[in-house]
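Reviewing the structure listed below.
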Amino acid sequence: MIYLDYAATTPVDERVAEKMLPFLTSVFGNPASTHAFGQKAKAAVDVARREVAAAIGADPAEIIWTSGATESNNLAIRGSAELYVSKGKHIVTMKTEHPSVLETCQQLEKEGWTVTYLAPQKNGLIDLENLKQSLRDDTVLVSVMQVNNETGVIQPLEKIAEITAAKNILFHVDAAQSIGKLALDIKNIDLISLCAHKSYGPKGIGALYIRRKPRVRVAPQIYGGGQEQGMRSGTLATHQMVGMGEAFMIAHRELQEEQKRMCTLRDYFLTEIAKNKSITLNNNFDHVVPSIINLRFSIITAEAFMKSNPELAISSGSACQSKGIEPSYVLRAMGLSVDEAKNSVRISFGRFSTKRDVETLLQALSAAI
Ligand SMILES: Cc1ncc(COP(=O)(O)O)c(C=O)c1O
């Protein structure tokens, strides 16, 4: 098997797993307990919080632990919508966001909020003029992801943040795919969703960055013991947090080296694939992370390719919503036809991908065609 689906999830890096282990067995105290067992666990959680904060240039007090980016997106959108309802009931997002953003917005619509879903341009990027025009006096929040999980498209966060800041509108960024792929400048961003399992950390742990200066708050969506400044109750999962901290520290430290390696693999793939006239790229690499490639076939179906190459772990559409062969709504929003979207696949490289993996993929592609 060759794993080429790093955008769906990544294995836990062995350095991370090793770091986590003692926090499952010997350091098992509840971080909220005042005795020595608890305090030892709390100290480890504090270190991890600092590591996660450092990866995005935030203050540790701005990091709220969650179970992953799905929960962070729910907490950011619903939590701010509820808390700032006196300002208005209008939210702006994009049609190409992750289901955890779109479904949360759709639920809010059922409860009386109005949501504008901006279409991307053909290249997947937000149209900043459209964004400006969509903003109203009662707009509370704009939510736009940094790196799209299906296409790798990078949205111009700085420009969006300038627009929202000028109008005093909260700006939320789903950065689930970002850490270890590209840097994130938090200036003028109010809320950022993060998760560990796309960055060689464990599944089931994430965080929400909530800006402190000026102070932003969200209404809790889970009630209980009042952990995480009352915004997210629940016993802190020390081992998971230690894993996320270590994974983010490594990803941050190795970012530039990893980016170079991804560019080399991507460039090799693109040079070879350009010889194959029945494959079209769905992404334009001017504004796309090098590790995600989305392509479509013109003479075979994506389903046929995947079925005839079970040794290749690649994805049609996004794994998070793969219900059979539904055409990808992200590609449809970028203007692809139903058939074009159905015949597209996502290939995503990562830390353990090698040139040999890419060669095998290229051979499979040319054999199939
Ligand atoms: C962009 C994006 N947002 C959110 C999520 C959900 O993250 P999690 O699996 O941590 O809930 C994913 C992936 O699953 C994603 O790719």
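Whatever order the structure lists ligands and atoms in, that order sets their numbers, starting from 1.
- A donor-acceptor pair is defined here as one N or O able to donate and one able to accept, closer than 3.5 Å; no such pair exists between the side chain of E258 and the backbone of K181.
- With salt bridges taken as basic N to acidic carboxylate O contacts below 4.0 Å, none links R50 and E62.
- Looking at ligand 1, you'll find an N or O of K198 within less than 3.5 Å of one of its N or O atoms.
- Proximity to G68 (heavy-atom distance under 4.0 Å) selects the following atoms of ligand 1: 10 (O).
- Between S100 and ligand 1, no N or O atom pair is found at a separation short of 3.5 Å.
- Although no hydrogens or angles enter the test, the distance criterion places a donor-acceptor pair under 3.5 Å between the side chain of H35 and the main chain of G38.
- Between K89 and E111 no salt bridge is recorded (no basic side-chain N to carboxylate O distance below 4.0 Å).
- The aromatic rings of F349 and F269 sit perpendicular to each other, their planes meeting at more than 60°, with 30° as the lower class boundary.
- Close N/O approach between A69 and ligand 1 is found [any backbone or side-chain N/O within under 3.5 Å].
- Of all the atoms in ligand 1, the ones that sit under 4.0 Å from a non-hydrogen atom of C195 are 10 (O).
- No close placement of the F352 and Y3 rings is indicated, their centers lying 6.0 Å or farther apart.
- Taking a cut-off of under 4.0 Å to the non-hydrogen atoms of H197, the atoms of ligand 1 that pass are 8 (P), 9 (O), 10 (O).
- Counting the atoms of ligand 1 from 1 in the order shown, those under 4.0 Å from a heavy atom of T70 are 6 (C), 7 (O), 8 (P), 11 (O).
- At a heavy-atom distance under 4.0 Å, only side-chain atoms of M145, from C-beta outward, approach ligand 1.
- In this structure, F297 has its ring center under 6.0 Å from that of F305.
- Summarising the contacts of atom 15 (C) of ligand 1 with E97, Q146, H98, the nearest heavy atom is found in H98.
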